[in-house]
Structure formats: C-alpha cells, structure tokens
Amino acid sequence: MNTCPYHYIALLLVEADTPLAIGSGKDDMMSDLLVALDANHLPMLPGFSLAGVLRHQFEKEHPEIVDQIFGYQDTKESEKSLGSRLVVTNGHIVADDGKVIEGLCSPQTLQTPYFKFLASLPVRQHCRMNHRGASDQEAHGKFDNQAVPKGVRFKFQIELIGNEQEKDVWEQLLAIFAYPTFRIGGGTRKGFGKIKIMEVQERVFDLRKKEDREDYLQQVGSLNAQWAKTKKEISR
C-alpha cells in the first residue's frame, strides 16, 4: 500500500529583491567568487541551495519531523538513512517575455540586450578586516564576488511526496519563501540574498484517484508548462 499517495507541487516565480551572491565555489581572473551558471552560462539558483535554506528554517520550527521530510544520512549505519521526500529543482532565468530559459539555447536566442547584460555580471568589492579594524593583509583582505542584480527573475518547482495529513506541512514549507528573513546565497549580512514571490501556481495530486494519476503521468519536466489549476498567495 502506498503510504504517500499525495504529490504537492508548486511552481514559484521569484524576483531578486536585492543582489544575489549565489556562489559556484569557482574563481577566475575577473572575480574571486563566480555565481552559479546553467548550461547557457546564465545565472541560476541551485536546487540544493534552495533546499538547504528551507531545511535550515524548517528545522528551527519543526525539529521533530525535519528528517522525515528532508531525509538524513547516518554516516555510521546506512540502514538508518532516509531519502528526502522534498524535491526542489534548479531555478532558471525568466526572459522578458515570461519564458523560462531552460535547456541549451541557440546563440541567437541569447543575443538580446538583457542576456548580454547577464553575461557580464557586476563584481562587488569587499575588504576583510582584522581585529584592529584594518585590512587583513595576511588573510588576503581584499576580495570580490560576482552578483546577480536586483530585478532578475527565476522560476523553479518544489514537490512534496506525502499524505493528506501533511497539507499543513506543505503550507508551512511554501510560507518560508515569503518570510521577511528568508535569504539565499552569500553576503546575507551585507544585504544580499533577498527574494520576493511574484507568483505561485499550485496543484495537489492524489494518486489514488484515476484522473489525478493520469494527469500526474502526463506532466512534463519543463518549467514553462502551464499545468497548475490554481494560483495562490503565500505569506507568513
């Protein structure tokens, strides 16, 4: 018997309300920390980063069930490990026409002024201070990072595999994205990382029902798919 017949799914359209420093962990001659890029060399929001921030906040409020939702890995006994029931996709850039840029695009598609601007992201300068309040030269005091400008939009999907009793858990997970304190990426203490929710499309599938099963199996992986039957507002 399937104990998790419900699939709660939402498509979220978000906008950078401040610059975002979604680091890739890589550097080059131009910057000490490059932003995460997709196959088209456009900025993206890594799904594992979004899931990590969600887990961190959810654990503060519901430590007793966080492992049941997000899973865990016991490094000593693999039998005690559990896979996550929450799936978060990467967030991809939304173009001026509202279309999500996903998959490999032709060079012509990326020749608009908007995409040319995103191909050369601004670099923010910083200085690491020592205990005397001066530049910490021994620890390479001066450094910089790329940043995604305010106003850039992304879309991603979040899915919870669960049961009917977990509707409240689903609502709480979505609400976290609307928290005033919700931040992603680095530099959050310097004002980076704030996003705002522009639109949420939601649908709940009960796979015990034939119609829902058929609809769920017909879903496509594209973030441009218009499958959701309802739009909703989420807030804390």
Side-chain angles (χ1 to χ4, degrees), residues 4 6-17 20-25 35-40 42-63 65-73 81-94 100-103 148 152-163 166-179 181-186 188 192-205 207 216 219-228 230-232 234-236:
C4 296
Y6 273 68
H7 286 245
Y8 300 87
I9 306 180
L11 284 172
L12 281 78
L13 174 65
V14 301
E15 181 178 296
D17 204 27
L20 307 179
I22 311 296
S24 64
V35 302
L37 302 177
D38 64 12
N40 296 300
L42 294 173
M44 73 171 187
L45 305 180
F48 65 84
S49 294
L50 293 167
V53 177
L54 273 179
R55 180 181 182 126
H56 178 72
Q57 182 61 47
F58 190 81
E59 188 170 15
K60 292 180 180 179
E61 302 174 14
H62 305 282
I65 62 171
V66 65
D67 285 344
Q68 299 175 31
I69 303 299
F70 291 88
Y72 65 93
Q73 177 67 54
S81 303
L82 181 68
S84 175
R85 291 194 284 120
L86 188 74
V87 180
V88 185
T89 70
N90 292 333
H92 290 283
I93 288 284
V94 178
V100 182
I101 303 301
E102 53 186 353
V148 179
V152 176
R153 292 188 173 186
F154 299 87
K155 182 176 280 191
F156 59 91
Q157 178 177 297
I158 176 173
E159 176 176 359
L160 174 65
I161 303 170
N163 54 55
E166 290 178 318
K167 180 174 175 27
D168 289 342
V169 172
W170 172 247
E171 296 290 345
Q172 291 162 14
L173 287 167
L174 289 182
I176 290 175
F177 288 107
Y179 282 13
T181 56
F182 184 82
R183 298 290 188 276
I184 57 175
T188 56
F192 285 56
K194 184 179 180 181
I195 62 173
K196 59 181 178 181
I197 307 299
M198 305 305 296
E199 181 183 88
V200 178
Q201 297 183 61
E202 179 195 46
R203 185 166 179 192
V204 180
F205 295 90
L207 300 190
Y216 183 79
Q219 302 310 304
V220 295
S222 174
L223 295 172
N224 286 306
Q226 297 298 317
W227 51 263
T230 61
K231 295 184 180 180
K232 63 182 297 181
I234 60 174
S235 59
R236 182 167 184 177

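By convention here, the first residue in the shown sequence is residue 1. Because the structure is predicted, anything quoted here is derived from the model rather than measured. Hydrogens, waters and symmetry mates play no part in the numbers below; they use all other heavy atoms, side chains included.
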Any donor-acceptor pair under 3.5 Å from [X] side chain to [Y] backbone:
X      : Y      : answer
Arg85  : Ile161 : yes
Asn163 : Glu166 : yes
Gln68  : Ile65  : no
Asn40  : Ile101 : no
Asn90  : Gly47  : yes

Which pair of non-hydrogen atoms, one from Pro63 and one from Glu61, has the smallest distance, and what is that distance? CD-C, 3.5 Å

Which pair of non-hydrogen atoms, one from Leu37 and one from Pro43, has the smallest distance, and what is that distance? CD2-N, 3.7 Å

Please lay out, stage by stage, how Gln57 and Glu59 fare under the test side-chain hydrogen bond (donor to acceptor under 3.5 Å, both in side chains). CA-CA 5 Å; Gln57 182 61 47; Glu59 188 170 15; over 6 Å; no

Within a strict 4.5 Å, meaning less than it, do heavy atoms of the [X] and [Y] side chains meet?
X      : Y      : answer
Phe177 : Val14  : no
Lys167 : Tyr6   : no
Leu20  : Phe192 : no

side-chain contact (heavy atoms from CB on, under 4.5 Å) partner of Val88, the single match among Leu160, Leu173, Ile158: Ile158

Using 30° and 60° as the class boundaries, would you call the ring planes of Phe205 and Tyr216 parallel, tilted or perpendicular? perpendicular

Rounded to the nearest 0.5 Å, how far does [atom2] of [Y] lie from [atom1] of [X]?
X      : Y      : atom1 : atom2 : answer
Leu86  : Arg55  : CG    : CZ    : 10.5 Å
Ile69  : Gln172 : CD1   : CD    : 9.5 Å
Ile195 : Arg153 : CD1   : CZ    : 12.5 Å
Leu13  : Ile197 : CG    : CD1   : 8.5 Å
Arg183 : Asp17  : CZ    : CG    : 8.0 Å
Asp38  : Glu102 : CG    : CD    : 10.0 Å

Can you check side-chain hydrogen bond (donor to acceptor under 3.5 Å, both in side chains) on Gln157 and Thr89, steps first, answer last? CA-CA 5 Å; Gln157 178 177 297; Thr89 70; over 6 Å; no

Before giving the answer on ring-ring contact (aromatic ring centres under 6.0 Å, His included), spell out for Phe154 and His92 the whole-Å C-alpha distance, their side-chain angles and the decisive distance to 0.1 Å. CA-CA 5 Å; Phe154 299 87; His92 290 283; 8.8 Å; no

Can you tell me if NE2 on His62 sees more than 12 non-hydrogen neighbours from other groups inside 6.0 Å? yes

If you apply the rule side-chain hydrogen bond (donor to acceptor under 3.5 Å, both in side chains), what do you find for Glu202 with Trp170, and how did you get there? CA-CA 11 Å; Glu202 179 195 46; Trp170 172 247; 2.7 Å; yes

